[in-house]
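Both counts, for ligands and for their atoms, begin at 1 and track the order of listing.
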Amino acid sequence: MQKKNNRFETAVIHDGYDAKDMLGSLTTPLFQTSTFTFETAEQGEKRFAGEEEGFIYSRLGNPTVRALEERIATLENGERGLAFGSGMAAVSAILFALTKANDHILCSSGLYGCTFGLLQMLHEKFNISYDFSSMETKEEIRSLIKEETACIYVETPINPTMKLIDLQLVAEVAKEYGIPVIVDNTFSSPYLQRPLDLGCDMVVHSATKYIGGHGDVVAGLAVGKKDFFDSVAMTTQKDIGGIISPFDAWLLLRGLKTLPVRMDRHCENAEKIVEKLESHPKILTVYYPGSKKNPDFSICEKQMKRGGGMISFAVDGTKADAQELLNKLNFIKIAVSLGDAETLIQHPATMTHSVVPEESREKMGITDQLIRLSVGLEAWEDIWSDLEQALNQLK
Ligand SMILES: *Cc1c(COP(=O)(O)O)cnc(C)c1O
């Protein structure tokens with residue numbers, strides 16, 4: 001394996017791959033194969049017995065996938081990475097590995113919709129309970145930890161309200177009880193935020209978003225301690241089987257190379273758009289981690305390199321006005337997902353968070369006027385003029 005590179009911008013391009021191992025191929029070759037042949041029966045026996053290094057079958061490991069896993073591990077500053085067929089496959093493999101019947105999970109007060117769905121399923125099938133916490137103070141977190149608490153599961157920034165959680169604070173409390181902290185780092189990517197450096201135990205990603213970055217892959221990644229992820233690889237990943245395809249791993253290796261360049265541009269564009277939105281008369285509130293007006297700005301400064309590419313904002317009007325704004329856009333695309341080159345816009349109350357009961361939605365700040373924007377890589381002036389012409393058409 002190529003030795004670890006210290007600087008992120010170099011590591012995204014080189015870590016986990018050495019051309020010398022692959023006939024000098026500059027890019028990581030795509031091993032589009034389901035299985036690997038053994039030269040002899042005895043070699044097969046040794047591979048299965050773990051006495052000889054080497055590949056067996058692509059659900060158990062594949063060289064293209066392995067390169068991606070090693071690269072994400074060094075980018076998150078962890079010991080071992082694992083790749084999955086989707087972000088949800090990564091989340092479910094980890095939660096199934098960490099919990100048993102009657103356990104408890106403490107979660108941040110906002111969660112990705114399908115993660116919430118998974119918790120409900122764990123509750124129905126295995127009586128695993130969960131609580132939500134704003135995690136603003138240590139006392140609050142301590143008061144919600146129980147004997148049966150198996151893990152703390154955190155998203156920050158929280159989708160779509162962009163509330164932040166102080167990861168170092170959560171990790172410190174978790175250490176008192178010896179409970180692992182899992183962080184969904186999808187919105188930031190390892191370029192903007194590295195939870196393991198802040199004392200958290202594992203990171204999951206929907207690599208579908210910023211890591212892939214081009215809207216052409218659905219995939220997941222996870223990073224943490226070697227012992228734990230070795231066991232996930234041999235249990236919930238291998239036997240539930242949510243593995244990534246070699247081609248998707250290859251696309252992610254390609255996407256990763258430009259992650260720092262893309263993230264800087266996403267952030268720059270978002271900062272400009274936030275400035276414009278904050279002074280537009282049709283906008284009530286703008287939610288952006290990197291804005292000085294954000295009540296959590298000090299947490300952003302503490303743990304994020306920059307504010308990211310995701311913005312939410314509330315329009316002064318009704319649900320119909322919010323929908324009208326989307327309909328009046330020219331090149332900005334109405335779509336869920338995020339982190340792509342294209343600017344994407346969606347209406348959380350009727351799209352990503354439509355499954356959340358109205359009452360909880362209101363409590364989470366997901367009103368009918370709220371709109372979420374994934375700022376793309378286009379010229380920010382064009383993104384703004386499209387938004388502005390649509391805003392100016394609202395009554
Ligand atoms: C998209 C997303 C997921 C789920 O990932 P998939 O790749 O769609 O399975 C999980 N968490 C967050 C924050 C996401 O945005």
Asks: If I apply the N/O under 3.5 Å rule, does Ala207 come out as touching ligand 1?
Replies: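 There is no such contact.
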Asks: Would you mind finding which of Thr156, Thr186, Leu338, Asp184 brings a heavy atom closest to atom 11 (N) of ligand 1?
Replies: Asp184
Asks: Determine whether any heavy atom of Ala90 lies closer than 4.0 Å to an atom of ligand 1.
Replies: no
Asks: Begin with the C-alpha distance, continue with both residues' side-chain angles, and end with the deciding distance and a verdict on side-chain hydrogen bond (donor to acceptor under 3.5 Å, both in side chains) for Gln346 and Thr352.
Replies: CA-CA 8 Å; Gln346 65 113 354; Thr352 50; 2.9 Å; yes
Asks: How does Ala89 reach ligand 1, if at all, at less than 4.0 Å between non-hydrogen atoms: by side chain, backbone, both, or neither?
Replies: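 For Ala89, there is no contact with ligand 1 at all, from either part.
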Asks: Count the heavy atoms of every other residue, nucleotide or ligand shown that sit under 6.0 Å from NZ of Lys226, and state whether that count exceeds 12.
Replies: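 At most 12 heavy atoms, drawn from other residues, nucleotides or ligands, come within 6.0 Å of this atom.
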Asks: Is any N or O atom of Met88, backbone or side chain, closer than 3.5 Å to an N or O atom of ligand 1?
Replies: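 N/O-N/O distance below 3.5 Å exists for this pair.
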Asks: Anything under 30° is parallel, anything over 60° is perpendicular, the rest tilted; go ahead and classify Phe116 against Phe132.
Replies: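 The arrangement is tilted - the two ring planes meet at 30° to 60°.
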Asks: I'd like to know whether CD of Glu53 has more than 12 heavy-atom contacts from other residues, nucleotides or ligands below 6.0 angstrom.
Replies: no
Asks: Counting both backbone and side chain atoms, is some N or O of Thr115 under 3.5 Å from an N or O of ligand 1?
Replies: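 N/O-N/O distance under 3.5 Å: no.
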Asks: Minimum heavy-atom separation for Gly307 and Cys300, please, with both atom names.
Replies: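 Smallest heavy-atom distance, with atoms named: CA-SG, 4.3 Å.
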Asks: Does the gap between the ring centers of Phe8 and Tyr191 come in under 6.0 Å?
Replies: yes
Asks: Quick one: does any side-chain atom of Asp201 pair with a main-chain N or O of Val181 as donor and acceptor, under 3.5 Å?
Replies: yes
Asks: Around atom 1 (C) of ligand 1, find the nearest protein heavy atom and jot down its residue, atom name and distance.
Replies: Lys209 NZ, 1.5 Å
Asks: Please identify which atoms of ligand 1 are closer than 4.0 Å to at least one heavy atom of Ala219.
Replies: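 Heavy-atom distances to Ala219 below 4.0 Å select 7 (O).
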Asks: Who's the nearest protein heavy-atom neighbour of atom 4 (C) of ligand 1, and how far?
Replies: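 Among all protein heavy atoms, the one nearest atom 4 (C) of ligand 1 is Tyr112 CE2, 3.3 Å.
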Asks: I'd like to check whether Glu155 has a polar contact with ligand 1, where a contact means an N/O of the residue lying under 3.5 Å from an N/O of the ligand.
Replies: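 There is no such contact.
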